[in-house]
Amino acid sequence: MDVIEETMDEERGNESRVDDDNDKEVYLPGKPLAEGEELMCDQTAYVMLHQAQTGAPCLSFDVITDNLGNNRETFPLTAYIVGGTQAGQAHINNIIIMKLSNLCATNKEEEDDDEDESDDEDNDDKNPKMAGALIKHQGCVNRIRSTTINNKILAASWSELGRVNLWDITQQVQAVDDESLLQRYDKENKGNNVSPLFTFTGHQQEGFAIDWCTTMPGTIATGDCKRNIHIWQMEDGGNSWKVDQRPLIGHTHSVEDLQWSPNERNVLASCSVDKSIRIWDTRASPNKSCMITADASHDSDVNVISWNKNEPFIVSGGDDGFLKIWDLRRFVSKTPVAIFKHHTAPVTSVEWHATDSAVFASSGEDNQIALWDLSVEKDDIEMKDIEGIPPQLLFIHQGQTDIKELHWHPQLPGVIISTAASGYNIFRTISV
């Protein structure tokens, strides 16, 4: 099973451009490069910067919450993630449970390092490591999300074949933590024989939208490309699942993303190709559960949303490249409280920082990841010399191709993991 390449290294990121005379300046996306100029990663802009690759790209993933503690800032760091591949052929796809370890801080002085070459052996100890356990998956994985219930680590995967599968990945997480267990797992090809705990085939088309509810453990919402949203409930302590066959009625086109309220039970947000963002109360009957609608929230498809964990805000990103901030206390006005236009292509992912309610990250098909801070005002910093750059834009990360998804690691302050056709990036900037 050679789907996973266990390679990790430093990656290019926030870039400066360098000409033949070695004069450096900050590069802003969209500026043409003159003859003799090239983009170079500015390592001093990062606290940590690594990259990882799998055999087939994982265009969706989720962070697995671990037992190593919260607010971990001492290097080297360790993270666990679960991703789903999009291979060229449907029958060779996998779910990959990964352990990313020995994630060391960026060496900001490596260009001026005049130490003896004997130190190379010490540098080998600083190389990041990746271990992966595979589960065979029918069809490409459109999206995957994980949670922990009753000490079991579960993952829900949307297949391009129109099925949603629930998996118990506890054994795989244990395997990537123990080299001997992982060798036995691979040798016995256990990944080919894992069956999902439950499969729902009631969606009449494939889909992408899926989210676990944190206020009601075991509750899931899934949305498909036909416009239907179904609510799942765990039964019998997780041994069985019940899916309401009656879809929530409201959207007229594909449901692109779903987000449960982090604070209120039964409250769900959705966005759609029909340009709307909707707020639902799932206690009501499916045909009456849509409570508030922002009809033309974007000029085209609304691709992604994220619900702030601490404040009543939702951020949305669309095909129009706009990022919009919605205050739920004023949502009935159907008017965002802030609009940002930086991305030059459709927005592919947005997510609020886990603890700083003013900070969020976004990614786009323009191969950029942008970090934003809503607490920054124009008068706080001098931005007059950088025309067209919003003062709230803290940082631009580049170096990946066809970025699909990003997540802040909730236990590693400031750490972002992103996935793209070119692989994963794991980084922390000096800005957050």
Side-chain angles (χ1 to χ4, degrees), residues 1-11 50-68 76-104 127-148 152-157 159 165 167-196 400 404-407 409 411-412 415-427:
M1 300 173 71
D2 58 355
V3 173
I4 187 168
E5 298 176 7
E6 297 188 4
T7 60
M8 295 187 66
D9 205 341
E10 291 184 349
E11 176 63 280
H50 299 288
Q51 67 92 16
Q53 292 183 335
T54 52
C58 295
L59 302 188
S60 181
F61 79 101
D62 202 9
V63 175
I64 299 173
T65 304
D66 57 53
N67 297 319
L68 300 179
L77 301 175
T78 297
Y80 299 82
I81 62 175
V82 54
T85 66
Q86 290 208 352
Q89 296 175 296
H91 68 281
I92 58 174
N93 281 284
N94 292 277
I95 291 173
I96 309 178
I97 295 84
M98 288 167 273
K99 177 184 180 181
L100 313 175
S101 60
N102 208 38
L103 301 174
C104 295
N127 289 334
K129 299 176 182 178
M130 179 169 71
L134 310 183
I135 295 175
K136 190 173 182 63
H137 189 273
Q138 294 298 320
C140 295
V141 179
N142 290 348
R143 196 161 290 171
I144 191 165
R145 294 290 181 263
S146 70
T147 191
T148 300
K152 288 185 178 181
I153 304 170
L154 306 181
S157 64
S159 169
N165 299 304
W167 308 85
D168 182 348
I169 60 172
T170 308
Q171 180 187 15
Q172 289 72 26
V173 173
Q174 293 171 346
V176 297
D177 242 351
D178 187 311
E179 186 175 350
S180 61
L181 287 178
L182 184 57
Q183 289 177 349
R184 189 184 315 151
Y185 184 90
D186 291 339
K187 183 178 180 180
E188 297 175 2
N189 287 324
K190 290 185 177 180
N192 288 334
N193 302 310
V194 179
S195 298
Q400 290 176 284
K404 291 298 183 183
E405 202 166 276
L406 63 83
H407 295 294
H409 196 298
Q411 298 170 285
L412 307 178
V415 172
I416 289 179
I417 305 175
S418 57
T419 189
S422 56
Y424 287 95
N425 275 193
I426 307 95
F427 64 94

Atom of [X], atom of [Y] and distance for their closest heavy-atom approach:
| X | Y | answer |
| --- | --- | --- |
| Ala133 | Leu182 | CB-CD1, 4.0 Å |
| Met130 | Gln53 | CE-O, 3.4 Å |
| Cys58 | Tyr424 | CB-OH, 3.1 Å |
| Pro57 | Ala421 | CB-O, 3.8 Å |
| Asn94 | Ile92 | ND2-O, 3.4 Å |
| Trp167 | Ser157 | NE1-OG, 3.0 Å |

Set of side-chain contact (heavy atoms from CB on, under 4.5 Å) partners for [X], sequence neighbours left out:
| X | result |
| --- | --- |
| Thr148 | Ile153 |
| Glu179 | Gln183 |
| Leu406 | Ser349, Glu351, Ala361, Ser363, Ile369, Ile416, Ser418 |

task = Among Leu154, Ile169, Ile135, Ile96, find the one that has a side chain to side chain contact (heavy atoms under 4.5 Å, CB included) with Val82.
result =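 So the option named by the test is Ile169.
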
query = For the side chain to side chain contact (heavy atoms under 4.5 Å, CB included) test, which of Asn425, Leu103, Asn127, Ile417 pairs with His50?
reply =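 Option passing the side chain to side chain contact (heavy atoms under 4.5 Å, CB included) with His50: Leu103.
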
From CG (Leu68) to OG (Ser101), nearest 0.5 Å =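 Between atom CG of Leu68 and atom OG of Ser101 there are 10.5 Å.
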
ask   = Which value, rounded to the nearest 0.5 Å, describes the distance between Thr147 atom OG1 and Lys152 atom NZ?
value =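 Rounded to the nearest 0.5 Å, the OG1-NZ separation comes out at 13.5 Å.
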
Tell me whether [X] contacts the main-chain N or O of [Y] through its side chain, where contact means a donor paired with an acceptor under 3.5 Å.
| X | Y | answer |
| --- | --- | --- |
| His137 | Gly139 | yes |
| Ser146 | Val63 | yes |
| Lys99 | Ile81 | no |
| Asp178 | Gln174 | no |
| Thr85 | Asn93 | no |

message = Between Phe61 and His407, is the ring pair (Phe, Tyr, Trp, His ring centres under 6.0 Å) condition met? List the steps.
response = CA-CA 9 Å; Phe61 79 101; His407 295 294; 4.8 Å; yes

request  = Indicate whether the side chain of Asp66 and that of Gln411 have a donor and an acceptor atom separated by less than 3.5 Å.
outcome  =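 The answer is yes; a qualifying pair exists.
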
query = So among Gln171, Lys190, Gln172, which one has a side chain to side chain donor-acceptor pair (under 3.5 Å) with Tyr185?
reply =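 With Tyr185 as partner, side chain to side chain donor-acceptor pair (under 3.5 Å) holds for just one option, Gln172.
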
inquiry  = Would you say that Phe427 contacts Val415 through its side chain, given a criterion of any heavy-atom pair below 4.5 Å between the two side chains?
reply    =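 Phe427 does not reach Val415 side chain to side chain.
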
inquiry  = Looking at Asn193, I want to see if its CG is surrounded by more than 12 non-hydrogen atoms of other residues, nucleotides or ligands under 6.0 Å.
reply    =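 Atom CG in Asn193 is packed in, count exceeds 12.
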
